[in-house]
Amino acid sequence: MEKTTVDLSLLSDVLNEYAAVKGSLITILQHTQEIYGYLPKEAIELISDQTGIAASEIIGVATFYTQFRFEPVGKYLIMLCQGTACHVNSSELILETIKDELHIEDGETTEDGLFSLKCVACLGCCSLSPVMMINENTYGSLTPEKTKKILKELREAAV
Amino acid sequence: MINLTINGKQIQAPEGATILEAARANGIDIPTLCYDKAVEIYGACGLCVVEAEGIPKLLRSCSAKVMEGMVVNTESDRVVRSRKIAMELLMSAHDGDCVAPCQLNCPAHTDCQGYVGLIANGEYDAALELIKTKIPLPASIGRVCPHPCEKACRRKNVEEPINIAALKAFAANIDLNKGESYTPELQEKTGKKVAVIGGGPAGLTAAYYLSIMGHEVTVYDMMEKMGGMLRYGIPQYRLPKEVLDKEIALIEKTGVKLVNNVKLGKDFTVESLKAENDAVIVAVGAWKSSSMRTPGEELEGVYGGIDFLRSVIKGNPFAIGEKVAVCGGGNTAMDACRTAVRLGAKEVYVVYRRTRNEMPADALEIEEAEEEGVIYKFLTNPLSFNGENGKVKSISLQIMELGEPDASGRRRPVPVEGKTEEIAVDSVILAIGQKLVQGDVSELKLNDRGNIEADPDFFTTSVEGVFAIGDATNRGASIAIEAIGEADRCAKVVDAYLNGQSLDTRVPYISKRDEATIDYSDREKASRITPKVLPADVRNKSFDEVSLGFTEEEAQTEASRCLECGCREYYKCKLLNVAQRYDIHPERFKGVMPQKYTRDENAFIERNTAKCILCGLCVRSCKEVMNLSSIALHGRGFTTDVTTAFSLPLNETNCNNCGLCVQLCPTGSLTEKSTLKKQVPLDETYTEEFVDIDGKKASVLVSRYHGIVLRVIPNDEISRNAGLSREDLMKKITG
Amino acid sequence: MRIVIGQGSCGIAAGAEKVRKALLNTDINAESISITGCIGMCYLEPIVDIYDDDNKLTRLVKVSEADAPAVAAYIKTGDKTMIEKLIVTDEDSEFLSKQTRIALRNCGIINPENIEAYIEKDGYTALKKCLCDMTPEEVIEVIKTSGLAGRGGAGFPTWFKWNAARQSQGEEKYLICNADEGDPGAFMDRAVIESDPHNLIEGMLIGAYAIGASHAVVYVRAEYPLAIKRLTNAIAQAQEKGIIGENIFGTDFSCDFMIKAGAGAFVCGEETALIESLEGHRGMPRLKPPFPAQSGFWRKPSNINNVETFANVAWIINNGGEAFAAMGTEGSKGTKVFAVTGKVKRSGLVEIPMGKTLRDVIFDIGGGMKTDKEFKAVQMGGPSGGCIPASLIDTVIDYKALGATGAIMGSGGMVVMDESTCMVGMAKFFLDFTAKESCGKCIHCRIGTKRMLEMLERITKGKGKEGDIELLEELCYSIKDGALCGLGQTAPNPVLTTIKYFRDEYEAHIRDKKCPAGECSDLIEYSIEADKCRGCTLCAKNCPVGAISGTVRNPHIIDTDKCIKCGKCFTVCKFGAVKKA
């Protein structure tokens, strides 16, 4: 996907609030990702400048946590739960189905920019396993058929 | 003060001290890899663990504080087990070669990369001295060695191996041709006496190193001159005896007494020498040609290969006539056939039961012999030597073909039913091997191969105080460098023995890369250079040395091809030091490597994250001491990496070149380049010196090798923060 | 009439919000529709509770949007016939009636977004009692009497930690709640925050008072957006009421409150890593000592407890330590919440007194297996725990008794497995997790878990060799001994317990190259049973490599050389004709 120019002015509120508050790096990064969908290089440089934390350290923190991304994601971010209950209830089949349907691997985005796939730690909806979250919505008791249907609906909704 | 016991020793330590500090202050060493006083305690490596009575968990001594009455054990079984596994795990993820494969494959463990590198830098004296720490006869060996080092040389995966042997001869020639050749510094006399039986490469080498160590050594030899097979088994055109003489003279100069024309079993016995000496080394070699058990071997005109060569060297060549058949495919066969050509034989055949590809002889020898007119009879095997009036007239040959591979991996030759050939000959030379003359060593126990039984690592024999090495022992005749390697190690063992100690000469654990994972695609191709030789039509009539040796330019160009496989930090690698303390087998945990083997160079630092052990010292010192954070830990878990922001090259970051990270790196992940053009791992000496920086006295570390200043490294706050380039710092030392 | 819709994450995922919207579209008075959190009967979501004017409850389960008109009709007419099929069965009701709820006492009952609902349930009376009538020492004494132990996994006595933090010198102290519920398979903390956030706040404020902290911090997983939203809302409400802030209840006690969202790192459940993360660093554990009680957040004395621990505190203050200690066993007091999931019939949250058995939870309350396969094992304690085999089903729920099996109480995840689960695969699953979640600091964990995972991968691919089990065991014990923090020290437990109880399964993989559970794809073969195959061609159409041949209405055949064992044929066959062995 094409990266557009990063509008750094969007960050000023966040930096005004947190740059001087010690221990706020993760919070700043979370807000940054909320704004841009990922952590753009330019934003990291600005955060470094404003907080006085070396850029290498900021990246060190960001790469430690699975939440942060350095590339834009698709319109729909599929987070497939990798919890124990999901594993026991064959989440592997769901993963295969998504990969087959979208032709992407874990961590990748479809060419049309619609879907990104990310395997994530337990979402805590174990009784509905296997589970995935797409953007804000959680989908439970998945089967390959159900998964295909959900993806189809989302694709149609996007067009 | 707090009273505690460590390893049974009552000690006192100030309150608030860590167990590690208390132990070290009392001379008790606890290994660490992530600890340094310069930075905060980190606790990652877990090597400093100790066991304390009454505490169920192992304690990390770098952080655990001393407590009154504490009883600590720093070397309990549980502690050692934990450290051992930690090191096995660490080494299973450490992708690097401690030393180059050439050195490992050399039976004498000669530091090939070291001297090749020094030659590339034009440091010939240093190169020669480095060679002489392992080989006292480098000019001779450089000429005759079948160079197992080159077989292991990784440059073969780019195009061809480095011409290591010729480079060795090059450096040795320079030394021999100087007014004053190198002689080593001798250690203080010990008053101990050692007798060496046999003055070949093994005996001379053992004598040389023992003499340097201060022992009084006498070499006894049955021939009129020293040198053994180097003199009597290798033709003049390959090793001029003047070269050997000069090298032997240098050995003699170290104080070795050389006694010729005396024979074991006749003039003395092992027992009689033992009575007069503190130790005896038996290095009598293998002087009997092996038989082929072919009918007709007893005929006149059928000679043993080494017997024939010796007759030529002694000036009374056997009568060989015009048609000569040499049986065998090794280097002795090559020596024999090429000598026969030089004696004027018109038709010289080499009878070999396999093909050219399987010949054990050096490829260059095979080729040069052919140029000189030798005719190869591949895939033939003598059925019988046929005579007339007791003199050989012809050979019947069985035609062979190659079948399935045998144990050695070479395809086994099998007879082609009913196909034979007969060739007319005037003489036959059997060059298929040589054996110990058993009667000479009747005092020692032999093995079932008929050789002296000697411990392969300790060289001890059935008689206490008597050691045995070389062709006469164990598996029998081999190449000279093998005997030299044994002799070097045996000298160390005997030295220890004379001091009432025992020494294990086995190579301790070292890290080796998985050959299959190495990528050479970024290497530029550059052909191997071979020294020029006399034209074939000149050399086939003369015993003049065939090889003309390297010119200086050739040598430097060839040496520069070295891929520098061995690690530059080998001599001061803390990681290796700790690894060698424990009997580790990281191959148990073989798996993927966490990082790709890459080299990121800036002006003076080279980074290779594949060797990184994530002790964090670089990252922590960059942040805590220098307040720069030019590098940081990125990612997490197995693939955690030390890198710069956005993976920029170091010189595009705020790095101020202080070099502290390199200094603290316990392994070769970060190395500081030396002033040498070709970077060579060398056993440098480091000294602290002081320089003036803007009117302030600043500490620097200066590393030197052989008088050459290799590095000047900032060593205090002033020198680190001065922002001086390495060149500027260097000038302050070298002027 | 009141209509209450369960709106925990599970309920919403099951469609509760759609149901709510559908109900709002009927003629039911919107005022009478409200929400609640998670009652814990997750397998029955979405749940709609209807209280009549006498507060008598009719519970509807598995309600869908399409049911909205029927529900509306019932409310209008009182005619139950339309909704008969939705009314919870007596059997399912037992799932709740057999529980004893303290930590979860308000979950699924009150509206989590309204502080008044909590106050109505005696909310904040315990805090007021502490602040107005008790000294901090007396509070700690009550907690000591209760025998409350850390519910996050280690089971360390809560009073001891509080006392250590209270004794620790320092003007400024921190009370931290660990809501970084990372154990896959555990979700009680999420349920508490989503369903009863004020209970957590009250417990924390009592803790803060006890240790003398003026700052309270909750570290919540970023994967729990609803929990963060409801807790943020609850904090704002409490601030407005003066329950958080300066001079609470008019006393000298002041305490501010802060939420920090985690960013996805399991290791941050370890308290020193959590502190590093709170400070904005990489979540790499610090060496202990010093312990957080001496030097924690910003190097100030800090006390860290888990959500469920705090959720018990207000109840204990109100009911007395003795009441809590009256439940349970000698060494384990009170109740414990379990997240029961996997192949169990009734999955959800179960709170029971300590001292009950695993059988009580899995069979009596959980209803046994949901499949026709035999119960094989239960995984407890997530990646730090272990698999307890069917033969130990009568093990008592008690820190010591569970520890003796090789598993741990842990945070309360209970994943039930039947015969179709491969135990080597299970060990591999957890090692994959810990290897990915290892922070990378210490050698034993960083490289050790990776090497264990590689060994397990080889074994499940049929490339295991003699000696692998022993090597795994050696590595396991060494990692337990040498790793820096709890994550590494407990990472070998899933491997050790599966080897202990299912060694034959490991041996079958290594020696016979067979997976007895039929789960390891490299060790199984698919074939078609000719008598069951109807020749529908569905399998052939779905085979990604064209390994299945056959003509319509004739039995199909799988070419095992071509087969990549993806299992698609097995999944799509409607006649059970594809066999895996």
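This one's a predicted model, so the numbers in the text were calculated from it and none came from an experiment. All chains are named by letter (A, B, ...) in the order of the sequence lines, taking the proteins before the strands, and each is independently numbered beginning at 1.
- Nearest heavy-atom pair across C/T341 and A/C126 is CG2-CB, 3.2 Å.
- Within residues 128-139 of chain A, the residues that have a heavy atom under 4.5 Å from a heavy atom of chain C are A/L128, A/M133, A/T138, listed by number.
- Interface remark: C/A191 contributes no atoms to any contact with chain A (heavy atom separation under 4.5 Å).
- For a residue to count as touching a neighbouring chain, one of its non-hydrogen atoms must lie under 4.5 Å from one of that chain's; by this rule C/V416 touches chain A with the backbone only.
- Of the two parts of C/Y224, only the side chain, counted from C-beta on, holds a non-hydrogen atom closer than 4.5 Å to a non-hydrogen atom of chain A.
- Between A/I26 and C/E279, the closest side-chain pair of non-hydrogen atoms is not below 4.5 Å.
- Under a cut-off of 6.0 angstrom, the local environment of NZ in C/K370 is crowded, with over 12 non-hydrogen atoms contributed by other residues, nucleotides or ligands.
- The part of C/T421 that comes within reach of chain A is its side chain, from C-beta onward, which places non-hydrogen atoms under 4.5 angstrom from that chain.
- When the candidates C/G8, C/A14, C/S9, C/G283 are compared by the number of heavy-atom contacts under 4.5 Å with chain A, C/G283 comes out ahead.
- Put simply, of C/A13, C/P184, C/A263, C/C42, the one with the most heavy-atom pairs under 4.5 Å next to chain A is C/A263.
- Neither the backbone nor the side chain of C/F297 comes within less than 4.5 Å of any heavy atom of chain A.
- Heavy atoms closer than 4.5 Å to chain A are found nowhere in C/V572, neither backbone nor side chain.
- Interface with chain C: from residues 82-99 of chain A, residues A/Q82, A/G83, A/T84, A/A85, A/H87, A/V88, A/N89, A/L93 qualify, criterion being any non-hydrogen pair under 4.5 Å.
- Proximity to chain A at a heavy-atom threshold of 4.5 Å picks out C/C439 from residues 431-440 of chain C, in numerical order.
- No side-chain heavy atom of C/E223 sits less than 4.5 Å from a side-chain heavy atom of A/V120.
- The interface of residues 59-69 of chain A with chain C, defined by heavy-atom distances below 4.5 Å, comprises A/G60, A/V61, A/T63, A/F64, A/Y65, A/T66, A/Q67, A/F68.
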| said: Go through it in stages, so that I can follow the logic: the residues are A/S127 and C/F187, the test is side-chain contact (heavy atoms from CB on, under 4.5 Å), and I'd like the CA-CA distance, side-chain angles, deciding distance and then a yes or no. | reply: CA-CA 10 Å; A/S127 292; C/F187 52 92; 3.8 Å; yes
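- With a 4.5 Å cut-off on non-hydrogen atoms, C/R221 touches chain A through its side chain but not through its backbone.
- Of the residues considered (C/M417, C/E181, C/K260, C/E17), C/K260 shows the highest number of contacts with chain A, using heavy-atom pairs under 4.5 Å.
- At a 4.5 Å heavy-atom cutoff, the contact between C/T571 and chain A is made by side-chain atoms alone.
- The number of heavy-atom neighbours closer than 6.0 Å to NZ of A/K146, taken from other residues, nucleotides and ligands shown, is above 12.
- Contacts of C/M188 with chain A are absent, with no heavy-atom separation under 4.5 Å from either backbone or side chain.
- C/A339 does not touch chain A: none of its heavy atoms, backbone or side chain, sits under 4.5 Å away.
- Chain A forms the most heavy-atom pairs under 4.5 Å with one residue out of C/A222, C/G348, C/A261, C/C38, and that residue is C/A261.
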